[in-house]
Number of protein chains: 2
Amino acid sequence: MGQTVATIDDVAKKAGVSKGTVSSVFSKKRPISRQVTERVLEVAKDLGYFPNHVARSLAIKKTMIAGLKMPVSKDSNMSGFEIQMINGVMKECSRNGYRLLLDTLPEHDDPTQFSIDPVDGVIMLNPRKQDPRIERYKQMGIPLVLVGRPDPMDDTVCYVDNNNRDLGFKVGEYLLGIGHRDILFLNAASDMTVAYDRESGLAESFAAQGIPFDTVQVLHYRQYRYNAAEYGYRSILETFGKLPYTAVIADTDRVALGVLRAARELNIDVPERMSVIALSNDATVAQETTPRLTAVDQSAEFLGAEAANILIEKMNDSSIVHQRVIEAKLVIRESCSRLS
Amino acid sequence: MGQTVATIDDVAKKAGVSKGTVSSVFSKKRPISRQVTERVLEVAKDLGYFPNHVARSLAIKKTMIAGLKMPVSKDSNMSGFEIQMINGVMKECSRNGYRLLLDTLPEHDDPTQFSIDPVDGVIMLNPRKQDPRIERYKQMGIPLVLVGRPDPMDDTVCYVDNNNRDLGFKVGEYLLGIGHRDILFLNAASDMTVAYDRESGLAESFAAQGIPFDTVQVLHYRQYRYNAAEYGYRSILETFGKLPYTAVIADTDRVALGVLRAARELNIDVPERMSVIALSNDATVAQETTPRLTAVDQSAEFLGAEAANILIEKMNDSSIVHQRVIEAKLVIRESCSRLS
DNA sequence: CTGAAAGCGCTTACAG
DNA sequence: CTGAAAGCGCTTACAG
């Protein structure tokens, strides 16, 4: 077996032309006569020749690949939000001829291990506080778009983000509006900026109406202990009857699924005796529960698509700086009711 | 601004060493004195130098990237199965230091447009019949693992697959065992080999007991018409009362969610008046419905992990050929009942 | 432990 | 329309 794969040189030689010509036949960057084109193509087919993407990338300094830096979550799966986000990113990339390099590799601290990845730009999910990678990408000359806001704030970096403070505020406003004061908040993990922002917003909505916030109990997710649905399920089992809440805010619709199951088991009527609202809105989950979930639409897919679009723009003109904050939308369905 | 990014040459020059030395400092492939190492690292930091992955890949003919070829689905999202599969692939890749190149780009037919991708191997999801890509990867010398079986069968290609025939058989056996004969089968799209295989298996289970198969109604999903949950929902609305089924087989748990919702709206008691079984088992969906879904566990994540592991083996020894067929497991929960 | 030089497989001015 | 040659930024025998 001819173990080795044919290169442009092999084709050029066998076809009796220069490699520049073979290159042009494949890249179509300059016109080649039909005669020659056909001969080259035939030889290429014979030899099983295909242009080498890596070599091409090195020469033109372009890979047509976008990187997606995922937070390292050892063995937990992608959340619904992440999945939808990726969907959005993927569609836009695909539409524009880009592929996606999914990077879930853990960070190392050995400065010798960083490298300029084979990508034309990267989207980074959930940057950490003082994230050193942001500065690094700048040095590497690689366009970067964050999903989530930089912390501390930095006007020179591109990002898309939910307005999580506003999200919390709206939820609070809604719940207060229908009479709930005693609320169980099943929040995200405490080290996430979204957890902080949402709780702040929620508190603000109380403050705005001069209502003390101490009737709100906040729990935080710990992903090493159990999965999202389990988090919702157990939280209810462990607190119902002990804490006096009439409404629960679930961080995600998965969490809400668990809450609903616990409610069923404990024979708690939702929404009559307990209202439930989810802070994310998975199209195929939230609408298929009983009762259908009232939820906040974080537009995860839209967020991803926006990030991709900004990145694509920036890959063509690196001077561009865009920030985009998406307002959350409350989707009222059936899982909350007025407290009488 | 120094628009351009520093290269190994810049570092070598400024540090007064050869580029081979700089290379060795970063790759650690040959020992360099502490003195020199430190100087080089300092200069590198000064200059903001990071090794270029593409150049390195070209030189060593290795990218440490695995490709994942996804079926082109214009604008529909990833299915639960795909997501779990990807999760499995990702974890194994990550564990072994590989990143993942997600490729959802549509196929073209222009022979001039193919290229050897910047990957060390690829996992291909749902190969089509007579898929031309299989032969192409062979020519390119790129290790390939299929998820789903090659059609026509080919002993020289690696793949992992569910035993879909057996899956259909088991479901039939189970349903027959609890007295159901009149069945509505909400099958996958008709051009998928899984749809064919599962229906065959189901038919076999009837044949095995000498029961005619004509009491089974088979519908096929058409993704351009609606999403999965909608497929389940509408199918029930449109057929209940007109077709005499006592049990429905839903292609996925998403489809089953729609079926359950329709049942609720029509006031059909599940499982008393209608049994429901799903052909896939999303951990966080199937267990959170009411009633909890009886389902077939396709082990999507396991399948993905296996595919990745075989690929990783094959990338190190391309002569390896592994096939792995995973048996389906019936997970009996609450959504089916004996027909009295 | 370190250097000089060829090589990885392409592209692209430049010249004709 | 086509060719010769330099270049993209690394690595790796070979030699010392």
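Chain naming here is simple, since letters A, B, ... match the order of the sequence lines and numbering starts at 1 in each.
- Proximity of B/Lys19 to the phosphate of D/dG9: no side-chain N or O atom is located under 4.0 Å from OP1 or OP2.
- Heavy atoms of A/Val36 sit under 4.0 angstrom from primed sugar atoms or phosphate atoms, though from no base atom.
- In this structure, B/Ser18 and B/Leu58 both approach DNA chain C, and ranking their closest nucleotides by distance from the 5' end singles out B/Ser18.
- Note on A/Lys61: every side-chain N or O is 4.0 Å or more away from OP1 and OP2 of C/dT11.
- Phosphate proximity of D/dT11 to B/Lys62: absent, as no side-chain N or O sits under 4.0 Å from OP1 or OP2.
- For the pair B/Arg136 and B/Phe114, the cation sits on the ring face: its NZ or CZ lies under 6.0 Å from the ring centre, inside 45° of the axis.
- Side-chain nitrogen and oxygen atoms of B/Ser23 include at least one within less than 4.0 Å of the OP1 or OP2 phosphate oxygen of D/dT11.
- OP1 or OP2 of D/dG9 has not a single side-chain nitrogen or oxygen of B/Thr7 nearer than 4.0 Å.
- At least one side-chain nitrogen or oxygen of B/Ser33 sits closer than 4.0 Å to the OP1 or OP2 atom of C/dT2.
- Counting non-hydrogen atoms under 4.0 angstrom, B/Phe26 reaches nothing in the nucleic acid.
- No donor-acceptor pair under 3.5 Å is formed between the side chain of A/Asp103 and the backbone N or O of A/Lys69.
- Below the 3.5 angstrom threshold, one finds no donor paired with an acceptor across the side chain of B/Arg56 and the base of C/dG7.
- The side chain of A/Ser57 contributes no N or O atom lying less than 4.0 Å from OP1 or OP2 of C/dC10.
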